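Only a predicted model underlies this, so the values are computations on that prediction, with no experimental measurement involved.
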Amino acid sequence: MGENRRQQITIVYDGECAFCRRSIDAIRSRDRWEQFEYVPRNTPGLDERFRQLALEDFSSGIRVIEENGCVHVGADGVHQIAARLPYFRRWTWLYSVPLVRGVTRRIYGWIAANRMKLSGRCAEECEVDASARP
């Protein structure tokens, strides 16, 4: 932690998902100022620490929680992360374009729904999950 340290942001992710863990590793490797705290969803006491997460369905993706308690979900959370990382922050203005934001949210939604398949950890359980969706 250097003088460039900023307000710490908490990233809550699916710690049982290999795709999610690899994504967090990629973020962590670019987090020069150690501005993020990385917390797997199944961490004991997480719901007590962040009461706003207790009733949420995490199938929609990552949660990014600012120190003021504001929660960003899925693609919106990824945007918040990118806005704080070197190189990526210069491209985050694109997210303000409605069409780009909409497409990004759809892509993120597809990735979130298929993350177990993307991680290579999928057999019968993914087929059951897919058939249970509306």
Side-chain angles (χ1 to χ4, degrees):
M1 290 193 235
E3 294 193 25
N4 288 333
R5 188 179 185 299
R6 299 176 183 182
Q7 186 176 27
Q8 191 161 33
I9 308 298
T10 302
I11 301 173
V12 181
Y13 64 97
D14 182 352
E16 296 178 7
C17 169
F19 180 85
C20 301
R21 288 191 310 268
R22 282 193 307 267
S23 298
I24 290 299
D25 289 343
I27 295 166
R28 185 177 279 138
S29 72
R30 291 164 176 83
D31 183 13
R32 294 182 194 162
W33 298 305
E34 298 177 0
Q35 56 195 321
F36 301 115
E37 174 188 17
Y38 308 92
V39 182
R41 174 65 181 122
N42 58 349
T43 300
L46 187 65
D47 289 342
E48 289 78 27
R49 181 174 167 202
F50 299 109
R51 299 210 181 274
Q52 64 270 45
L53 299 182
L55 300 175
E56 288 197 18
D57 172 17
F58 266 75
S59 64
S60 59
I62 197 169
R63 300 296 189 269
V64 176
I65 308 166
E66 296 183 59
E67 281 188 350
N68 66 6
C70 184
V71 178
H72 305 276
V73 180
D76 296 342
V78 172
H79 174 257
Q80 292 299 314
I81 294 167
R84 291 168 172 83
L85 293 176
Y87 179 76
F88 294 98
R89 81 173 68 120
R90 73 180 72 166
W91 300 103
T92 56
W93 67 269
L94 287 167
Y95 201 69
S96 65
V97 176
L99 182 63
V100 172
R101 181 181 303 147
V103 168
T104 303
R105 285 177 174 169
R106 282 183 177 253
I107 291 169
Y108 187 95
W110 183 87
I111 290 170
N114 292 284
R115 68 186 187 279
M116 293 301 180
K117 289 179 184 177
L118 293 170
S119 70
R121 191 191 109 195
C122 204
E124 297 168 6
E125 67 202 59
C126 288
E127 298 304 320
V128 171
D129 288 345
S131 66
R133 289 192 192 111

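- Note that OG1 of Thr92 is 4.5 Å distant from NE2 of His79, once rounded to the nearest 0.5 Å.
- Here the closest heavy-atom approach between residue Cys20 and residue Cys17 is recorded as SG-SG, 3.0 Å.
- For Gln80 (side chain) and Val64 (main-chain N/O), no donor-acceptor pair under 3.5 Å exists by modelled atom type.
- Phe88 and Val97 fall within the same hydrophobic cluster, defined by Ile, Leu, Val, Met, Phe, Trp and Tyr side-chain heavy atoms under 4.5 Å apart, directly or through other members.
- The backbone N or O of Gly102 sits nowhere less than 3.5 Å from a side-chain atom of Arg106 that would complete a donor-acceptor pair.
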(request) For the pair Asn114 and Phe19, evaluate side chain to side chain contact (heavy atoms under 4.5 Å, CB included) and give the outcome as yes or no after the intermediate values. (result) CA-CA 10 Å; Asn114 292 284; Phe19 180 85; over 6 Å; no
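- Side-chain contact between Tyr108 and Ile62 is present, with at least one heavy-atom pair separated by less than 4.5 Å.
- For residues 90-103, no pair satisfies salt bridge (Lys or Arg N to Asp or Glu O under 4.0 Å), with sequence neighbours left out.
- To the nearest 0.5 angstrom, Ile81 atom CD1 is 6.0 Å from Ile24 atom CD1.
- Counting only heavy atoms from C-beta outward, the side chains of Leu118 and Trp110 approach each other to under 4.5 Å.
- With sequence neighbours left out, the salt bridge (charged side-chain N to carboxylate O under 4.0 Å, His left out) criterion links Asp14 to Arg115.
- Smallest separation of non-hydrogen atoms from Ala112 and Ser59: CB-O, 3.7 Å.
- Between Pro40 and Gly15 the shortest heavy-atom distance is CB-CA, 3.9 Å.
- Hydrophobic clustering of Ile, Leu, Val, Met, Phe, Trp and Tyr side chains at less than 4.5 Å, counting indirect connections, unites Val73 with Val39.
- By the 4.5 Å heavy-atom criterion applied to side chains, Arg21 and Tyr13 are counted as neighbours.
- Considering only residues two or more places apart in sequence or on other chains, Gln52 meets the side-chain contact (heavy atoms from CB on, under 4.5 Å) condition with Phe50, Ile65, Val71.
- The side-chain contact (heavy atoms from CB on, under 4.5 Å) search around Pro98 returns none, not counting sequence neighbours.
- Closest heavy-atom contact between Arg84 and Trp33: O-CZ3, 4.2 Å.
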(message) With side chain to side chain contact (heavy atoms under 4.5 Å, CB included) as the criterion, how do Arg63 and Leu53 come out once you've worked through the C-alpha distance, each side chain's angles and the decisive distance to 0.1 Å?
(response) CA-CA 9 Å; Arg63 300 296 189 269; Leu53 299 182; 4.0 Å; yes
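- Every side-chain hydrogen bond (donor to acceptor under 3.5 Å, both in side chains) that His72 has, sequence neighbours left out, goes to Glu66.
- Leu85 and Ile11 fall within the same hydrophobic cluster, defined by Ile, Leu, Val, Met, Phe, Trp and Tyr side-chain heavy atoms under 4.5 Å apart, directly or through other members.
- Across all non-hydrogen atoms, the minimal contact from Arg49 to Glu37 is NH2-OE1, 2.6 Å.
- Checked by atom type, the side-chain pair Asp76/Tyr95 shows a donor-acceptor distance below 3.5 Å.
- To the nearest 0.5 Å, atoms CG (Asp31) and OH (Tyr38) are separated by 3.5 Å.
- Every residue two or more places apart in sequence or in another chain that forms a side-chain contact (heavy atoms from CB on, under 4.5 Å) with Asp25 is listed here: Arg28.
- There is a path of hydrophobic side-chain contacts, each under 4.5 Å, that joins Val78 to Ile9.
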